[in-house]
Amino acid sequence: MTTVAPLLAARGVSKAFFGNPVLRGVSIALQPGRVHALLGENGAGKSTLINLLSGALRPDGGEIEVDGRAVPRMTPALARQAGIAVVQQELSLTASLSIAENVGLGAYPKRFGLIDYKELAARAKAACALVGLNEPLSTPVGHLALGRRQMVEIAKALYRKPRVLILDEPTSSLSSTETKILTDLLERLRGEGIAILYISHRLNEVMALCQHVTVLKDGTCTADRSLVGTDATGLVRLMVGRDPGDLFPKWQPFVSTTTAISVRKFSAGLMRDVDLDIRAGEVLGIGGLVGQGQEDLLLGLYGAIPGRTASAVVNGISGLPGGVPKANALGLAYVPADRKREGLHLIHPILTNMMLPAFARLPALKLRSRKTERETGKSLAAQLAIKGDLQRPAQALSGGNQQKVALAKWMPHDPLVLLLNDPTRGVDVETKREIYLMLRTFAAAGKAVVLLSSDTSELVHLCDRVAVVREGRITATLERAALSEEAIVSAAMGAEKQKVAA
Amino acid sequence: MSIVPSAKSTGALYWPVQARRNIGVRSLFLVVLAFLIAYGVLFPGLFAASGFAKFTQSWFPLALVAMAQAILMLTGGISLAIGATVSLGAVIAATTMAGPFGVAGGAAAVALTGLGIGAATGFIVVKLRLPAIVVTLAGSFIIGGAALLILPRPGGAIPAWLSDLLAGDTPAAFVLLVVIVLLWKLYLATPLGLSLYAAGENPVGAYRSGVPVDAARVAAYAISGLLSTGAGLFVAAQTGSGDPVIGTAFTLNSIAAAVLGGIGFLGGQGTMRGALAGSLLLSLMISVMFFLGFTPVAQYVAQGLIIIGAVAIPQFRKV
Amino acid sequence: TTANAAANCIKGDRKPPYTIGWADIYSVPTWMKQTQGTIEAEVETLKKQGLVDKLVVTDAQGDANVQIQQIQSMIDSNIDAIILIAGSSTAPARVLADACAKGIAIINFDSLVDTDKVTAKVNTDSSQWGDQAAKFLINAIGGKGKILILNGPAGISVSDDRRKGADAELKAHPDVKVLAETNTPYNVAPAQEAVTSLLFANPEIDGILSLGGALSAGAVLALDKQGRDQVPITGENARQFLELWKEKGLKSWATMQPNWLGAFAAYTAVQALQGKDVPAFVKIPLPVIDNSNIDEYLARAKDFPADGYIYSPYDEELFKKLLAQK
Amino acid sequence: MTAWNDSAGGKRASAILKSRPFLTLAIVAAVWIVASFVSRGFGAYGHLRYLVELGAVIGLVAAGQTFVVIAGGIDLSVAAIVTVSAISLPLLSWQADPTGLVSILAVLVLTTIIGVINGLGVALLRVHPMIMTLAMATFLQGLLIIIAGGSAVTAENPLVHWLGNARPAGIPAGIILWIATSAVVLTVMHATPFGARIFAMGANPLAASLSGVPMTSTTLAVYGISGFTAGLAGVLVLGMNGQGYVGIGDPYLLASIAAVVLGGTSILGGLGTYAGTIPGAILLVTITALITVVNASPGWRSILFGSLILGLLLLSGREQARR
Ligand SMILES: Nc1ncnc2c1ncn2[C@@H]1O[C@H](COP(=O)(O)OP(=O)(O)OP(=O)(O)O)[C@@H](O)[C@H]1O
Ligand SMILES: Nc1ncnc2c1ncn2[C@@H]1O[C@H](COP(=O)(O)OP(=O)(O)OP(=O)(O)O)[C@@H](O)[C@H]1O
Ligand SMILES: [Mg+2]
Ligand SMILES: [Mg+2]
């Protein structure tokens with residue numbers, strides 16, 4: 001199999017941004033009928049490498065080869081002609097265009113110079129069917145939830161009938177059902193002889209799906225080998241270069257009688273008449289299929305969208321916070337899922353991003369102390385292992401590091417309740433471990449953590465309780481003893497209505 | 001999210017897509033309709049051939065510049081040179097059409113100038129990555145200066161038959177508008193046309209998807225220039241002559257019409273039908289206020305209120 | 001126009017009391033407000049005589065296209081008379097022809113339209129304005145010297161006509177050197193800014209040919225602020241300029257575009273509607289302000305806005321006389 | 001922005017040298033030097049001083065405009081506010097106010113309220129800033145019809161006259177006012193949490209609001225500031241011309257926007273500094289003066305003006321890629 005010329009390969013490519021080397025002499029070869037994993041910590045250069053492979057960026061040195069032949073000036077158009085398709089993370093979609101128009105973007109079927117809508121509909125429908133996307137094709141993508149958009153992005157790649165399919169963290173915003181659809185699909189495509197490059201921070205997926213792995217560390221290739229005979233621990237060792245500890249911190253029961261937040265008949269957005277108690281000292285998981293109203297639950301509690309309630313007590317004060325500043329004053333903090341759109345100011349320095357909650361609550365005209373800001377920033381960066389100059393704009397950080405910044409900015413304020421919306425999306429294992437540890441420590445200090453997550457294993461291993469949301473209601477609240485992936489999934493699917501009390 | 005399996009046949013995709021795009025502008029359509037009815041009640045002559053002709057003629061140039069502005073805003077651009085470009089178009093029409101090359105030659109000169117100015121502006125904005133608002137501000141002085149060089153004071157002439165055809169008691173303006181809207185729909189049905197939206201809203205993603213982003217944006221500027229000088233030609237025909245500063249007010253009005261019509265500033269948001277409705281509202285407002293007998297002070301106040309109201313009310317319904 | 005033929009556009013089918021439409025191009029500037037004041041006063045008088053029942057006012061906000069639309073609306077509402085200051089010397093021609101065909105009396109004053117399809121045009125002679133101003137200035141500087149020319153906005157026929165009117169005199173005196181020319185709105189601030197820069201660039205200046213509006217006041221302020229001696233300057237009847245003239249003891253000459261052109265237009269419209277013959281062009285003699293009569297003007301200053309124009313007195317006798325001229 | 005980095009000494013100096021404000025300043029200096037070769041008196045100290053004094057008016061209007069643009073908006077009502085300020089000040093002058101200070105304060109309160117109303121429309125009615133402020137400009141036109149020409153008696157306001165004409169220590173009072181305003185503006189913009197909130201709001205309003213930035217009050221404050229500085233500019237321009245009139249503010253709308261953008265502030269919001277707007281304003285008056293002294297027909301002058309702006313824009317930098 002290795003004797004066949006790779007469909008797509010990089011030979012010793014290098015890339016630097018503004019003089020900072022991001023990739024140094026990296027090689028990778030994608031063979032037909034193989035799912036190739038690309039692993040590495042946040043910022044290791046994975047996305048950059050696929051941007052080189054797909055012509056979105058041009059290498060400073062080295063070569064991109066298609067079918068064994070070097071392509072001197074790779075462009076997205078050339079890549080498309082060569083049958084290379086990339087699934088970017090919800091990046092390439094246009095909200096105001098319909099699903100079909102997005103799926104076909106850049107490769108519309110034409111008739112007399114016009115887009116052939118009939119043909120487009122047929123082909124887009126086929127691509128969408130592959131990923132289980134059954135919304136009407138005329139739906140504007142802006143109306144879709146994040147996970148569904150991700151499916152559109154995948155459909156868009158499939159629409160091009162690729163020979164080489166590159167997926168950059170395709171599952172990070174998918175629910176387990178959607179993930180299952182995707183993995184089955186990739187299995188099938190592999191069987192059809194397609195070369196697949198798969199980037200993910202979810203190692204169990206990698207183990208289940210991939211045959212070969214390339215590991216990047218600080219822009220160099222540290223491993224390029226078959227996955228046969230490697231287990232998850234081995235993978236992590238490959239990535240971080242040492243023996244990994246347990247991903248999840250040891251769970252310890254914490255007895256607390258105080259409730260941090262208590263609401264009755266709470267409605268906000270999609271959520272309807274929910275009763276919920278969040279105890280101080282616990283990590284409360286929120287699970288369910290994507291888009292059932294979980295996000296509205298957090299946003300409503302946070303005062304970011306209008307909510308109604310029969311009664312509410314938040315950190316001892318009755319009534320919902322009427323607005324984000326009030327919620328912050330009550331000790332609530334929220335970390336959004338879509339860090340680029342909701343969590344960060346990409347064009348502003350990392351430091352400024354970290355200080356923003358402070359700016360929001362300090363007296364408006366009190367003079368700032370640059371020195372204190374720098375020190376706070378430094379200690380936060382150290383705490384969360386964010387490397388490099390804090391004066392760089394946040395957009396220069398890799399996705400995972402951006403997530404850390406979005407979390408870090410709340411730390412100086414000692415929030416009593418942390419509302420987290422999928423905080424480990426796109427975060428590498430090491431960082432995940434750090435975040436998990438942080439959350440448990442946080443809870444152990446008597447504070448409350450509400451963790452909305454699309455990663456079921458996270459819910460199972462980290463949380464004290466998990467509330468499962470379906471169609472705007474909490475359909476089950478699973479106590480620790482009853483927590484299992486199966487229990488969460490079945491509650492989410494509504495297979496059986498259960499109310500398990502510990 | 002509704003997870004409804006699509007039962008529709010795949011053949012009919014175009015029309016559902018079009019229908020979904022109406023959602024944002026429905027309330028504006030209602031406001032415009034209300035004004036149209038009010039106008040019809042106040043001035044029944046609107047439904048006679050000549051009344052209708054005159055009414056569409058006064059709306060037509062504003063409709064064109066609203067389109068010219070909207071197409072730019074869809075790509076994330078903007079132009080402060082629309083007014084000057086209208087003036088230049090009018091001046092060129094009024095100086096060439098009576099000359100040896102005749103109406104056809106004049107029209108060609110007007111069209112080429114519009115395309116050329118637009119393409120040049122687009123090139124500067126897109127390729128040199130300069131902020132559109134200042135480039136076109138500077139452009140407005142250059143283009144306006146050129147108009148003054150060609151015609152230092154109002155003058156020139158448009159052949160009477162052309163004026164009578166375009167701006168007499170004929171529905172020519174309306175027919176032209178319909179044709180232009182059809183052409184726009186046709187353009188939007190081409191890959192380059194539709195990529196306006198992607199290029200405006202998500203240029204990086206569009207580029208990675210293989211969309212010729214820069215070409216789409218430069219083409220938008222060129223079309224915008226063509227529409228602007230076209231509006232100038234019509235104004236010249238409507239008035240029978242050229243005036244080097246006739247277009248000045250169109251700059252802000254085109255922006256107001258487009259934004260009123262739901263076109264966003266960040267690119268990719270809004271529809272042309274919205275911009276057209278916005279321009280129609282601005283035009284109707286003037287006549288309706290006349291027939292309601294508003295004093296100038298009341299005209300200013302009402303105009304401000306209508307504009308704010310048309311934008312704010314739909315916002316409230318969303319909340 | 002023969003003696004018993006009615007005036008242009010008039011069909012004789014309209015009976016009093018008339019509705020008069022005042023198609024203002026931009027109602028906010030003070031000159032326009034003053035003009036509207038004279039129109040309203042005149043309409044009050046005509047109302048008392050039972051000749052007029054309503055004055056309809058539109059404001060085109062400076063946009064010639066809107067003015068056309070508003071005139072169209074006036075036609076649609078079957079108004080009896082339209083008086084207007086045009087936003088463009090060419091643009092309204094066609095809509096006015098339509099109005100004329102409907103038998104509406106149209107009196108165009110101040111900014112005129114190049115068309116015959118109006119009942120009457122009423123204005124001072126812009127060309128003569130430039131000519132007389134140039135004559136005064138050249139005379140005041142002794143037939144030779146360096147001058148600046150301040151003019152209104154480019155692309156507008158009024159400013160162009162006034163400037164062209166000055167040409168003959170300037171050509172006739174080759175020793176008068178024009179150092180620089182500017183085009184700005186007829187306002188104080190831009191004139192002051194331009195003249196200040198021009199004074200630095202051209203330290204020797206003997207006179208300033210200013211062709212209207214409040215430009216002269218700006219020029220005087222510019223000289224004053226630099227501590228320079230005032231030079232002979234022409235101007236218009238802006239109150240600020242006349243006050244500066246007196247205060248600084250200027251060697252000056254001014255004329256005006258009397259605001260009562262508006263009142264006269266309304267009066268003329270009604271005359272024409274009543275079947276009286278009116279001349280197609282009523283030339284308003286340029287009133288001259290010089291050192292001999294400036295005090296008369298300043299004595300009435302308090303009746304006029306501080307940023308307004310002190311116009312010459314008028315009455316119905318004057319109107320009759322003007323209409324009688326051939 | 002780079003000028004406001006917190007890097008160490010040497011790095012900081014080089015950052016300043018490379019920054020947009022400094023670049024704009026360098027361009028101003030270059031234009032002045034070239035122009036004084038072209039025209040003898042152009043570079044005279046008195047002329048430069050006058051240009052800076054003129055720049056003060058644009059600079060004041062552009063101060064508020066910079067805040068608004070950084071916050072992600074735009075204020076199209078500044079011209080009308082300048083006019084309202086200059087026209088209504090004489091109306092608000094009275095005998096019991098010998099220094100004229102009270103009338104000035106009254107006018108500034110008025111224009112600030114106008115600005116706050118803009119802010120209300122933007123923040124609460126969620127009308128796009130361009131539309132809200134355009135509509136406000138339209139309202140103010142109506143207001144002007146009512147109040148303009150009402151100042152039949154020129155009310156002499158000593159403080160206004162002083163601002164427009166005095167030269168303590170040889171420096172025009174307008175320039176002193178501008179320097180003082182600039183110091184306050186720069187401090188508020190770059191050294192207070194309020195300033196940081198504005199940048200955050202402009203760069204990403206959604207993220208700012210989820211981070212607890214009080215959006216409504218910040219928006220009101222931003223437009224209020226714009227109303228205030230436009231009002232202040234109206235007072236100054238009234239003093240410099242001795243008389244207010246309708247249209248006195250008109251030149252400052254596009255000039256303020258151009259000064260902001262030429263100074264390197266992104267029209268998309270979230271990035272920029274008033275430190276760039278200051279030379280941007282001086283640059284504009286310099287070009288205007290240059291065009292005035294060049295002998296050419298109006299058409300050519302206009303073309304020259306536009307080309308100069310375009311050329312300088314090319315020099316002074318490009319918009320960064322976004323999103
Ligand atoms: N356009 C750019 N400009 C500047 N720096 C960049 C740019 N793109 C990437 N980088 C930097 O290059 C490094 C590699 O980024 P890249 O996105 O490839 O990492 P990654 O391996 O995909 O990380 P993650 O797992 O977080 O997605 C990062 O440190 C990032 O800051
Ligand atoms: N022009 C740019 N300047 C600075 N940084 C950039 C630029 N373009 C992209 N980046 C950053 O470089 C990194 C690589 O880009 P890419 O779009 O592949 O995101 P990513 O790492 O896959 O992010 P995510 O995992 O969140 O999807 C990202 O962090 C992105 O924000
Ligand atoms: Mg990545
Ligand atoms: Mg990533």
Side-chain angles (χ1 to χ4, degrees), chain A residues 51 54-56 75-81 86 88 90-102 104-110 113-126 128 134-140 142-145 147-148 153 156 160 270 289-292 306, chain B residues 1-24 74-76 185-213 215-216 262-264 266-271 274 318-319:
Chain A
N51 283 339
S54 63
T75 64
L78 277 180
R80 182 161 63 79
Q81 281 161 26
V86 184
Q88 254 119 21
E90 53 124 358
L91 247 178
S92 70
L93 300 181
T94 303
S96 47
L97 294 184
S98 66
I99 293 180
E101 287 164 325
N102 267 290
L105 187 70
Y108 291 125
K110 280 185 275 188
L114 300 183
I115 300 170
D116 183 349
Y117 268 88
K118 202 166 172 174
E119 172 77 10
L120 174 64
R123 285 171 54 187
K125 195 183 165 96
C128 288
N134 43 17
E135 282 86 348
L137 289 177
S138 61
T139 314
H143 294 191
L144 298 178
R148 305 305 286 174
E153 183 78 45
K156 181 172 172 180
R160 289 148 202 257
L270 291 178
L289 296 177
V290 174
Q292 301 290 303
Chain B
M1 262 316 105
S2 59
I3 306 181
V4 198
S6 102
K8 294 211 182 80
S9 102
T10 54
L13 174 62
Y14 184 76
W15 295 111
V17 165
Q18 298 301 315
R20 296 298 288 252
R21 294 207 183 124
N22 276 336
I23 291 169
L74 282 178
T75 65
K185 297 262 63 155
L186 216 57
Y187 182 65
L188 214 53
T190 65
L192 190 68
L194 193 61
S195 38
L196 271 180
Y197 278 93
E201 185 188 312
N202 186 349
V204 176
Y207 172 72
R208 288 184 184 172
S209 311
V211 171
V213 173
I263 307 271
L266 296 177
Q269 307 153 304
T271 53
K318 250 185 252 168
V319 172

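Computed from a predicted structure; not experimentally measured. Letters go in sequence order (proteins before strands), and every chain restarts at 1.
Residues passing the side-chain hydrogen bond (donor to acceptor under 3.5 Å, both in side chains) test with B:Ser195, sequence neighbours excluded: none. Residues passing the side-chain hydrogen bond (donor to acceptor under 3.5 Å, both in side chains) test with B:Gln18, sequence neighbours excluded: B:Lys185, B:Arg273.
Among B:Tyr187, B:Tyr207, B:Trp15, the residue making the largest number of heavy-atom pairs under 4.5 Å with chain A is B:Tyr207. Interface check for chain A: of the options B:Thr271, B:Leu186, B:Leu194, B:Leu188, the most heavy-atom pairs under 4.5 Å are formed by B:Leu194. Chain B forms the most heavy-atom pairs under 4.5 Å with one residue out of A:Thr75, A:Asp116, A:Leu114, and that residue is A:Leu114. Ranked by heavy-atom pairs under 4.5 Å with chain A, the list B:Gly210, B:Pro212, B:Gly193, B:Pro191 is led by B:Pro191.
Contacts between B:Leu192 and chain A at a heavy-atom distance below 4.5 Å are absent for every atom of the residue. Heavy-atom distances place both the backbone and the side chain of A:Ala95 under 4.5 Å from chain B. With a threshold of 4.5 angstrom between heavy atoms, A:Ser96 approaches chain B through its backbone and through its side chain.
Side-chain atoms of B:Asn202 never come within 3.5 Å of backbone atoms of A:Thr94 as a donor-acceptor pair (strictly under, hydrogens ignored).
Atoms CD1 and CG, from A:Ile99 and B:Leu13 in turn, are 10.0 Å apart once rounded to the nearest 0.5 Å. Here the straight-line distance linking atom CG of A:Leu120 with atom OH of B:Tyr14 works out to 12.5 Å at 0.5 Å rounding. Atom CG of A:Asn51 is separated from atom CZ of B:Arg208 by 4.0 Å, given to the nearest 0.5 angstrom.
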